[in-house]
Amino acid sequence: MADFSKPYNPKETEERIYDLWQKSGFFTPENLPNADTREPFSIAMPPPNATGTLHLGHALEYSLQDAIIRFQRMRGKRALWLPGTDHAAIATNTKVEKMLIKKEGKNRHDIGREAFVTIVEDFVAKSRGAMQRQIRQIGASVDWTREAFTMDDQRLLAVRTAFKRMFDAGLIYKGFRVINWDPKGQTAVSDDEVEHKEEKGTLYTFRYAPDFPIPVATTRPETKVGDTAVAVHPNDTRYRQYIDKEFTIEFAGTKLQIKIIADESIDPEFGTGAVGITPAHSLIDADIAQRHDLPMVQIINEYGRMTESAGPLVAGKKTKEAREIIAAWLKERNLLEKEETIDLNISIAERSGGVIEPLPKLQWFVNVNAKFKIQNSKLLHIPSGEETTLKDIMRQAVASGQINIMPDRFEKIYFHWIDNLRDWNISRQLWYGHRIPVWRHKSAKCKAQSAKLENNNLIVSIEPLTHCPQCNDIVEQDPDTLDTWFSSALWTFSTLGWPDENAKDLKLYHPTSFMNPGYEILFFWVARMVLMSGFLLGEIPFKTVYLHGILRDDQGRKFSKSLDNGIDPVDVIEQYGTDALRMALVVGIGPGNDANFDLNKVKAYKHFANKIWNAARFVLTHIEGFDPKQDVSLTEHDACVVEQAHTLAAEVTQDMENYHLYLAAEKLYHYFWHTFADIIIEEAKPRLQSKNAEERISAQKMLYETLVLQLKLLHPFMPFITETVWEQIPKKHEDLLIIQKWPVA
RNA sequence: GGGCGAUUAGCUCAGUUGGCUAGAGCGUCGCAUUUACACUGCGAAGGUCGUAGGUUCGAGCCCUACAUCGCCCACCA
């Protein structure tokens, strides 16, 4: 029991209270009173990356989710909050490899796949333990018995099953295409993993040869040894006469075959109105090349060096060196017509920081535009048996209102992303992650190959294979791993028993009720969950998406290692208590808004915790002899006070239901301090001393009731102190506060 | 280039459907004192709600333009 004679000391009580809750079993919804008659309410916790420790952003996320799950639990829902961890393939692979390079001066290729994966797994095991402790400290009422990991056996089965079903439906294919290659991380990345950074660059306007009729402009002269065409607008009168002509050119020590083509996508107003097409090293050029059936010459390799095909002048050189060599070559021959400095955007791999080099490579893709027949659809406007596409599903799920995104403005951003979406590259040349569940024959061709397989010798399988089930030849697994978001996209249902479609959890808790990610992963994760859930289950993964913003430091700067402005939530909790931190992260921070984190705000809520403590102590010492089971009638004044408190309760409930937690919490704070403590208690003091027993008992009951009411209302936000005070209070039943009935129906 | 957000007290920010005499925390200044609580109470100063127009009985909130800051998307070569 806490010592009521001293100021509130969170350290003394928080761990004990968390244990009390956990031992009660109430985090597991089956253990709640009358569990079977309760309506389900579920949240899948966005699994934190297994890359290390939790930061304030996680604390914000869990404070919101815990407030909601506690509210719903008290409201009588069968409340499930399912925790877990994400293996975060690329992030973890990158982080551990960096550590390895720093410590031993070796990269993953130096030590080999098996050794590297072992090191990563050890690292992840340690991180997960630390993160579980931190989640407890935040007070998160998660069901630990259902804890999941994106790489455990159950999730592995889900990933392979999803892959196979998509492959069988023609939605996953292997294709040779120009993709975003990260030379630093030595892997392909998806479009969403590419960031743009503005930089000054040089725009060179030149001719391939003195007699070449059309000048072109480029910021990357080194790629011009890979050009196979020049594209102009079909209506451009300057160049119309050259369309379809072909030129053989000696260029920078190599021979080019340049065809003049007409393409609508060319802007005649920009530059010279003509574009040199490099099919192998530009995603846009690759599209144009495909339309015109142009040949592709790869002149840059995976390490950012020029290949033999680039010609002897630059072969083996780094792209930057080659750029200067070719620019000089042009200058010498008087082919360079103009050099100007312009702003350009360079593409950066978000994890490694490497400069993206578009390269043609064989990769696995999810086809977002392929039509397929959807089975068992519960999606609005997409009936079962109808042809649809993954894009359609993603769009309709939100457009129909079946999924509600908060704040609204992100719906527009979401639609815009979908409209411009290309096929999703899901293969990575990393070693940590779900290996692609495809096996190929080592030697001879299997006679029993499925006609469906567009590549020879491939078998897609849920069970791991050593031999081909048909011809018994030895097979080996595809060396690539899956994009980490492939497994995360299954999260809402892979955690509930899927692929067993009859799993009890899946039927009860899916679609989940609430999803609370940061807006920065709207595309990476939220959209992909809609895609997967739509295709595999024919339903939405969640009903409400509440996007939270980013926390910055007190000067509005991002938290970062280089600024060394990081704040460990555990330190804040040590100093001010969990409840204070939670309030500081909830009050006044609306959905989708970034917020500056100020320790003064936490301090203010620590004071509030103390205020609750003292007010409760006052009430307790002045209601001695009062029995809550006894029926007492209130004076008119006291009845009025209680009624007003209930008006507040109704308002707060409304706010909670609308997920306006930031308003609910602030109202409760304000009421407790400036109405309950400053006015109600002060006015009650003389009556508590009154000789008139009726008046005295009425005042006691009034104080008791309003305090109890507020403890319940505050519990979702400040669970520790409210539960601690609750322990001290005389009550009708000796149950924990965590399962008390919410005071508003 | 396209889209979005922010601009409210010295600082950090709320303000839910237009009703506001514009609020909170911190900070500042006065007063109180063995008080449930100094992690306190009472009170005060401090705002032409970015700028300019408009709609309305009424605008911090709605509309239009502009300015500043920030974010997202996009390989005008």
Side-chain angles (χ1 to χ4, degrees), chain A residues 4-9 178 180 191-192 194-196 203-205 216-220 223-224 227 230-231 265-278 281-288 342-347 356 358 407 409-410 412-413 415-417 419-420 519-520 522-523 549-550 552-556 558 576-577 580 583-584 587-590 592-622 651 654-655 658-660 662-667 669-670 673-674 677-678 681-682 685 703:
Chain A
F4 238 148
S5 65
K6 290 193 216 150
Y8 177 60
N9 184 351
V178 176
N180 306 300
D191 296 344
D192 299 284
V194 178
E195 287 176 342
H196 301 282
L203 182 68
Y204 303 86
T205 306
V216 294
T218 184
T219 53
R220 297 194 63 187
T223 64
K224 298 292 104 182
D227 283 11
V230 166
S265 70
I266 307 302
D267 177 3
E269 303 295 316
F270 186 82
T272 64
V275 184
I277 301 298
T278 321
H281 300 287
S282 156
L283 267 65
I284 288 219
D285 291 6
D287 281 351
I288 295 176
I342 58 162
D343 293 325
L344 61 103
N345 284 309
I346 55 165
S347 302
I356 293 293
R409 66 187 141 91
F410 282 96
K412 235 190 279 177
I413 297 171
F415 290 137
H416 180 258
W417 178 80
D419 291 342
N420 295 292
Y519 61 70
E520 75 277 9
L522 177 62
F523 309 141
I550 293 168
R552 301 165 180 284
D553 74 3
D554 54 5
Q555 295 166 53
K558 270 196 176 175
Y576 301 102
M583 279 298 271
V587 173
I589 302 181
N593 288 336
D594 292 350
N596 294 0
F597 183 81
D598 187 348
L599 278 173
N600 275 326
K601 194 171 170 190
V602 186
K603 195 171 149 196
Y605 288 106
K606 188 192 172 172
H607 293 178
F608 180 50
N610 197 52
K611 193 75 183 176
I612 294 174
W613 189 250
N614 283 300
R617 175 160 65 155
F618 175 85
V619 172
L620 278 178
T621 52
H622 288 83
E651 230 177 273
Q654 194 62 46
D655 286 336
N658 295 330
Y659 298 112
H660 293 156
Y662 54 106
L663 294 177
E666 187 171 13
K667 279 178 192 167
Y669 165 83
H670 209 258
W673 201 310
H674 298 296
D678 290 349
I681 288 183
E682 291 304 322
K685 277 178 183 174
L703 286 179

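Every chain is numbered from 1, with letters handed out A, B, ... down the list of sequences.
- Looking at residues two or more places apart in sequence or on another chain, you find a side chain to side chain contact (heavy atoms under 4.5 Å, CB included) between A/His196 and A/Val194, A/Asn345, A/Ser347.
- Picking from B/rC37, B/rU40, B/rA36 the nucleotide with the shortest atom distance to the side chain of A/His607 gives B/rU40.
- We find that CZ of A/Arg617 is positioned 14 Å from P of B/rU40, with the value rounded to whole Å.
- Comparing B/rU12, B/rC37, B/rA36 by their nearest atom to the side chain of A/Asn610 picks out B/rC37.
- In RNA chain B, the stems built from three or more successive Watson-Crick or G-U pairs (distances below 3.5 Å) are B:1-7 with B:67-73, B:10-13 with B:23-26, B:28-32 with B:40-44, B:50-54 with B:62-66.
- Comparing the C1' positions of B/rU55 and B/rC62 gives an interatomic distance of 8 Å, to the nearest angstrom.
- The C1' atoms of B/rC39 and B/rU48 are separated by 38 Å, rounded to the nearest whole Å.
- Side-chain atoms of A/Asn614 lie closest to B/rC37 of the nucleotides B/rC39, B/rG41, B/rC37.
- Using a 4.0 Å heavy-atom criterion, one finds that A/Lys412 contacts the sugar-phosphate atoms exclusively.
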For residues 595-605 of chain A, please give each side-chain donor-acceptor pair under 3.5 Å, one per line with the distance, not counting sequence neighbours.
| residue | atom | partner | partner atom | Å |
| --- | --- | --- | --- | --- |
| A/Asp598 | OD1 | A/Asn600 | N | 3.0 |
| A/Lys601 | NZ | A/Ala584 | O | 3.2 |
| A/Lys601 | NZ | A/Val587 | O | 2.8 |

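- Taking atom C1' in both B/rG5 and B/rA9, one finds a spacing of 23 Å when rounded to whole Å.
- Nucleic acid contact for A/Ala615: base, since at least one base atom lies under 4.0 Å from a heavy atom of the residue.
- Relative to the side chain of A/Ile681, the nucleotides B/rC39, B/rU12, B/rA36 differ in distance, and B/rA36 lies closest.
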Which letter, B, S or -, goes with each nucleotide of nucleotides 19-24 of chain B from 5' to 3', with contact meaning a protein heavy atom under 4.0 Å? -----S
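- Using atom C1' as the reference point in both B/rC61 and B/rC20, the two lie 11 Å apart (nearest Å).
- Between the C1' atoms of B/rG1 and B/rC76, the separation comes to 8 Å (whole Å).
- Atom-to-atom distance recorded for A/Tyr519:OH and A/Ile550:CD1 is 3.5 Å, nearest 0.5 angstrom.
- Nearest to the side chain of A/Arg409, among B/rC42, B/rC37, B/rG5, sits B/rG5.
- When heavy atoms are screened at a 4.0 angstrom cut-off, A/Phe597 is found touching no nucleic acid atom at all.
- Rounded to whole Å, the separation between the P atoms of B/rG25 and B/rC69 comes to 33 Å.
- A search for salt bridge (Lys or Arg N to Asp or Glu O under 4.0 Å) contacts involving A/Arg409 returns nothing, not counting sequence neighbours.
- Rounded to whole Å, the separation between the C1' atoms of B/rA77 and B/rG15 comes to 49 Å.
- Between A/Tyr8 and A/Trp613, the two ring planes are tilted [angle within 30° to 60°].
- B/rA6 and B/rA74 have their P atoms separated by 23 Å, given to the nearest Å.
- Spacing between atom CZ of A/Phe410 and atom P of B/rG3 amounts to 17 Å, rounded to whole angstrom units.
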Per-nt protein contacts along nucleotides 71-77 of chain B (heavy atom under 4.0 Å; B base, S backbone sugar-phosphate only, - none) come out as --SBBBB
